[in-house]
Protein chains: 2
Amino acid sequence: MAALARNLDVAKSALYNHVASKQDVLRLMEERLISQVDVAGFGCGPWDEAMRRWAWSYRDVFSKHTPLIPVIAVLPVADAPRTLEMYEAVSSDLAAAGIPNSKIVPSIVAIESLVFGAAFDVDAPPDVFDGCLGGFSPSFAVALQAARAAEIEEPRHDAAFNLGVEALLEGLKALLT
Amino acid sequence: MAALARNLDVAKSALYNHVASKQDVLRLMEERLISQVDVAGFGCGPWDEAMRRWAWSYRDVFSKHTPLIPVIAVLPVADAPRTLEMYEAVSSDLAAAGIPNSKIVPSIVAIESLVFGAAFDVDAPPDVFDGCLGGFSPSFAVALQAARAAEIEEPRHDAAFNLGVEALLEGLKALLT
DNA sequence: ACCTGAACACCGTTCAAGT
DNA sequence: ACCTGAACACCGTTCAAGT
């Protein structure tokens with residue numbers, strides 16, 4: 001709230017004429033961010049292509065605002081019309097794809113979990129794995145070296161998220177359709 | 001730091017004789033939590049069974065300490081010997097399972113992303129989806145009703161995490177072996 | 001209706017002073 | 001080696017007072 005007031009060239013207390021609390025500000029931010037997530041793929045074309053597009057843009061939007069993730073995970077969606085709109089688009093495509101009704105919400109939550117976790121990963125410094133080549137963990141060391149070699153083509157966190165999304169979609173297809 | 005000092009019946013400033021900063025405390029907590037994660041399944045039996053066991057205990061441990069997730073996602077693992085130990089156990093099983101070296105780190109990061117996201121989901125109140133049955137989102141409403149019906153057998157977040165883990169493992173098998 | 005400024009109860013961290 | 005207490009620069013929120 002202090003930083004927000006500073007940016008608006010206004011006293012902190014002035015904010016409370018427009019907003020009830022910090023939580024309230026975060027709720028407004030959530031709606032704005034969710035409306036930036038790309039759901040245009042749903043309702044046209046193959047459902048897995050739409051899911052892929054949705055997941056990537058969802059991750060990109062929240063990787064720039066990771067402090068919001070703990071907030072939105074706990075926020076009742078009834079207060080968030082844009083979020084509800086997004087879920088409706090996803091649900092209707094999953095239903096059309098033949099996913100059983102009882103598995104639609106679990107599928108959405110599973111992908112969202114991957115998206116949120118991956119958003120933190122994007123936020124992490126590029127050197128999280130630095131200095132791990134000691135002889136104490138030989139298997140991990142060779143895996144890390146192979147990952148580093150592949151990094152010139154694709155950033156580490158993109159490679160992981162790509163594999164996660166593709167494996168998850170593949171698995172959902174295999175298990176639910 | 002204030003609460004910690006309170007619990008220890010000591011002045012806040014006394015903490016700094018034992019620890020450099022709050023970040024330092026969180027690093028110590030990370031190590032303690034990671035050492036509670038069950039890696040006993042690795043090195044014996046089928047790799048997917050070991051991964052399942054690992055993922056569930058990993059989620060359970062961190063769902064009780066979600067504020068630590070943003071911290072550990074950004075923490076260099078070189079400073080965390082127990083974490084390194086855990087990665088070594090996972091890596092060696094994935095390599096033995098025939099996963100290409102260049103895909104081991106991405107596989108681990110993908111599962112970890114799912115685990116961290118799911119940990120937030122466990123932490124969420126049971127009524128996140130309450131009051132969403134309005135006519136504005138028909139597909140999501142029926143999906144939600146089906147999910148609620150299944151909830152008497154298995155909690156909502158367990159059903160989602162179960163599907164996520166099973167689909168991810170299935171997908172990794174299909175794509176990488 | 002919207003602003004300011006002072007106040008309150010908190011933070012994490014530092015540092016001089018003690019034992 | 002380890003503690004205390006005061007101090008500092010921050011928070012989010014409230015409230016009386018202004019326009």
Side-chain angles (χ1 to χ4, degrees), chain A residues 1-36 61-83 116 119-125 127-128 130, chain B residues 1-36 61-83 116 119-125 127-128 130:
Chain A
M1 303 302 278
L4 180 56
R6 229 155 21 227
N7 276 303
L8 295 173
D9 269 315
V10 101
K12 291 182 292 178
S13 49
L15 300 175
Y16 292 85
N17 286 299
H18 306 272
V19 127
S21 63
K22 183 181 179 178
Q23 189 71 15
D24 203 16
V25 175
L26 295 170
R27 226 200 51 238
L28 294 169
M29 287 186 67
E30 187 213 348
E31 281 283 278
R32 174 159 295 211
L33 287 186
I34 286 285
S35 72
Q36 287 173 28
V61 166
F62 278 92
S63 62
K64 285 170 216 135
H65 302 275
T66 52
L68 272 174
I69 294 176
V71 178
I72 76 156
V74 165
L75 221 64
V77 309
D79 301 348
R82 313 295 300 254
T83 307
F116 290 153
F120 281 114
D121 191 41
V122 174
D123 206 35
D127 59 330
V128 255
D130 269 15
Chain B
M1 302 302 276
L4 179 57
R6 226 152 28 223
N7 275 304
L8 296 173
D9 268 315
V10 102
K12 290 182 292 176
S13 50
L15 300 175
Y16 292 85
N17 287 298
H18 306 273
V19 127
S21 63
K22 184 181 180 179
Q23 189 72 14
D24 204 17
V25 175
L26 295 170
R27 225 200 55 237
L28 294 169
M29 287 185 66
E30 187 214 347
E31 280 284 277
R32 175 158 295 209
L33 287 186
I34 285 285
S35 72
Q36 287 172 28
V61 166
F62 279 91
S63 63
K64 285 169 214 134
H65 302 275
T66 53
L68 272 174
I69 294 176
V71 178
I72 76 156
V74 165
L75 221 64
V77 309
D79 300 349
R82 313 296 299 253
T83 308
F116 290 152
F120 281 114
D121 191 42
V122 173
D123 206 36
D127 59 331
V128 255
D130 268 15

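Numbered from 1 within each chain, the chains take letters A, B, ... in sequence-line order. FYI, side chains are in, hydrogens and waters are out, and symmetry mates aren't considered; it's all heavy atoms of this structure.
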Inset, instruction - Report the residues that fulfil side-chain hydrogen bond (donor to acceptor under 3.5 Å, both in side chains) with A:Q23, sequence neighbours left out, ordered by chain and then residue number. - result: none
Inset, instruction - Go through the structure and list residues passing side-chain hydrogen bond (donor to acceptor under 3.5 Å, both in side chains) with A:Q36, not counting sequence neighbours. - result: none
Inset, instruction - Quick one: list whatever passes side-chain contact (heavy atoms from CB on, under 4.5 Å) with B:L8, sequence neighbours left out. - result: B:L4, B:V10, B:L15
Legend entry - Near-strand residues of residues 16-28 of chain B, defined as heavy-atom separation under 4.0 angstrom from DNA chain D: B:N17, B:H18
Inset, instruction - Hey, can you tell me if B:F62 and B:F116 have their rings parallel, tilted or perpendicular (30° and 60° cut-offs)? - result: perpendicular
Legend entry - side-chain hydrogen bond (donor to acceptor under 3.5 Å, both in side chains) against A:T66, all qualifying residues, sequence neighbours excluded: A:D123
Legend entry - Summary of side chain to side chain donor-acceptor pair (under 3.5 Å) pairs that have at least one residue in residues 67-77 of chain A, sequence neighbours excluded: none
Inset, instruction - List for me each residue that meets side-chain contact (heavy atoms from CB on, under 4.5 Å) alongside A:A80, sequence neighbours excluded, and say none if there are none. - result: A:E30, A:E31, A:T83
Legend entry - All pairs passing salt bridge (Lys or Arg N to Asp or Glu O under 4.0 Å) where residues 1-25 of chain A contributes a residue, at least two apart: A:D24-A:R27
Legend entry - Intra- and interstrand pairs of DNA chain D - dot-bracket, Watson-Crick/G-U under 3.5 Å, | marks other strand: ||.|||||...|||||.||
Legend entry - Nucleotides bounding contact with chain B, strand DNA chain C, heavy-atom threshold 4.0 Å: C:dC11 to C:dC15
Inset, instruction - Any chance you could measure B:L33, atom CG, to B:L28, atom CG, to the nearest 0.5 Å? - result: 11.0 Å
Inset, instruction - Quick one: label A:A14 by what it contacts on the DNA or RNA (base, sugar-phosphate, nothing), any heavy atom closer than 4.0 Å. - result: base
Inset, instruction - Measure the CD1-CZ distance between A:I69 and A:F120 for me, rounded to the nearest 0.5 Å. - result: 4.0 Å
